[in-house]
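So the structure is just underneath, and the comments pick up after that.
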Protein chains: 2
Amino acid sequence: MRIGEAASASGVSAKMIRHYEAVGLLPAASRRASGYRDYGEAEVHALRFIRRARELGFSLHEIAALLALWGDRARASAEVKRLALAHVEALERKARDLSAMAATLRHLASTCHGDGRPECPILEDLAGEPPKKPNALGNVI
Amino acid sequence: MRIGEAASASGVSAKMIRHYEAVGLLPAASRRASGYRDYGEAEVHALRFIRRARELGFSLHEIAALLALWGDRARASAEVKRLALAHVEALERKARDLSAMAATLRHLASTCHGDGRPECPILEDLAGEPPKKPNALGNVI
DNA sequence: CTTGACCTTCCCATCATGGGAACCCCCATC
DNA sequence: GATGGGGGTTCCCATGATGGGAAGGTCAAG
């Protein structure tokens, strides 16, 4: 199987397959006489493993560890579980951070008239100014 | 004020202040005879604006738009609100994606014994998914 | 005058991914 | 046999936000 076929069979782009090989996530593929990379089912399987792990938000570094455990028959599932739960923690922390940002900003936006007037609590918050009323000239900045 | 003082006064690193200038987010700072950048309160204010917007997850590109609106006395708050709410949508979508990943992985981990035995549903799931191409909604992450 | 803290510019690295150039290979068709 | 097209190959560059660090200039205190 050439790289393009392996790509569509695995859902990983040919570009990324070469990249994974270049960074050592995958062993160097065997080559045909033409120089073309040649893949079999095992390689496609590994690529699907990587794709799935990426979908779950694992970094390539973490995936390297998972691949090693995947290929290690003597592995302890405790190690896999530890990696997975550590990653869950990181994902949940990021999700919480983003949700907090969204909530803050949504609240700010809710206090903004959103009409043609220049007064805008969103910008006032960003600028670090306390909410203030228009001055004598009507300018808020 | 030299760049280091502006940095500690604003909470933005000197490195990033230069970077923001380089990418056009900030106008070129005035220079002393020595070549050192020189900052005043207005610049520190703008830096704090940027830092706060970054804390809320705005990209530098979005911040450029916000800064333009901030400096525009004739702005309509509707435009600011529109930008803010669009950003809230993006943040919430990312948070949802991360939460979904975390939930999937936490569920997988819960089915793993996590002991010395090699059987591991986490690895089995990673290895066993059917091939899937990027869907219409987004990427394969 | 020296020392040390600060500043300058410039290059490189991160992380995962893609774009594109320049060139090679293979197969079908004219 | 020539040609065309759709593979493949390597290599360089870009993204976005941030940091590290080198080589060298500036300034104030001792």
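All figures in this text were calculated on a predicted structure; none of them were measured in a lab. In what follows, chains are A, B, ... by sequence order, proteins preceding strands, each numbered from 1.
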Partners passing side-chain hydrogen bond (donor to acceptor under 3.5 Å, both in side chains) against [X] (at least two apart in sequence or in another chain):
| X | answer |
| --- | --- |
| A:E79 | A:R82 |
| B:R37 | B:E21 |
| A:H107 | none |
| A:E5 | A:R2 |

Suppose we screen for ring pair (Phe, Tyr, Trp, His ring centres under 6.0 Å). Which residues come up paired with B:F49, at least two apart in sequence or across chains? B:W70
With sugar-phosphate taken as primed atoms, P, OP1 and OP2 and all else as base, the protein-contact string of nucleotides 18-24 of chain D at under 4.0 Å (heavy atoms; B, S, -) is BSBB---
Can you tell me if A:R37 touches the phosphate of D:dG8, counting only side-chain N or O atoms and a distance under 4.0 Å to OP1 or OP2? no
With a 4.0 Å limit, can you tell me whether A:R18 has a side-chain N or O closer than that to the phosphate oxygens OP1/OP2 of D:dT9? yes
Nucleotide [N], atom [atom2] - distance to [atom1] of [X] in whole Å:
| X | N | atom1 | atom2 | result |
| --- | --- | --- | --- | --- |
| A:E21 | D:dG8 | CD | C1' | 13 Å |
| B:R32 | C:dC6 | CZ | C1' | 11 Å |
| A:M1 | D:dG7 | CE | P | 16 Å |
| B:I3 | C:dT8 | CD1 | C1' | 10 Å |
| A:I17 | C:dT17 | CD1 | P | 12 Å |
| A:L25 | C:dT17 | CG | P | 10 Å |
| A:H61 | C:dA13 | NE2 | C1' | 16 Å |

Stepwise side chain to side chain contact (heavy atoms under 4.5 Å, CB included) check, A:K81 with A:L85: CA-CA 6 Å; A:K81 187 166 187 169; A:L85 286 179; 4.0 Å; yes
When rounded to the nearest 0.5 angstrom, what distance separates NZ in B:K94 from OG in B:S99?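 Output value for this atom pair is 14.0 Å.
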Could you list the residues that satisfy salt bridge (Lys or Arg N to Asp or Glu O under 4.0 Å) with B:E92, not counting sequence neighbours? A:R106
Just jot down the salt bridge (Lys or Arg N to Asp or Glu O under 4.0 Å) partners of B:R51, sequence neighbours excluded, or say none.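 Partners of B:R51 by the salt bridge (Lys or Arg N to Asp or Glu O under 4.0 Å) criterion, ordered by chain and then number, come out as B:E55.
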Taking N or O atoms only and anything under 3.5 Å, show me the protein contacts with nucleotides 26-30 of chain D, one pair per line.
residue, atom, partner, partner atom, Å
D:dT26, O4', B:Y36, OH, 3.3
D:dT26, O2, B:Y36, OH, 3.2

DNA chain D: A:E5 or B:S59, which has the more 5' nearest nucleotide?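 The residue closer to the strand's 5' end, by nearest nucleotide, is A:E5.
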Side chain to side chain contact (heavy atoms under 4.5 Å, CB included) partner of B:L126, the single match among A:V80, A:I63, A:L56: A:L56
Could you check whether A:R31 gets within reach of a base, just the sugar-phosphate, or nothing at all, counting any heavy atom under 4.0 Å? sugar-phosphate
May I ask you to decide whether A:D125 forms a salt bridge with B:R52, counting only side-chain N to carboxylate O separations under 4.0 Å?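 Counted as a salt bridge, because a side-chain N and a carboxylate O are separated by less than 4.0 Å.
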Taking five pairs at each end of the helix from C:dC1-D:dG30 to C:dC30-D:dG1, what angle separates the two helix axes (nearest 10°)? 40°
Residues in contact with DNA chain C, drawn from residues 87-96 of chain A - heavy-atom cutoff 4.0 Å: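 Nucleic-acid contacts, sorted: none.
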Residues which pass side chain to side chain contact (heavy atoms under 4.5 Å, CB included) with B:M16, listed by chain and number, not counting sequence neighbours: B:V12, B:S13, B:H19, B:Y20
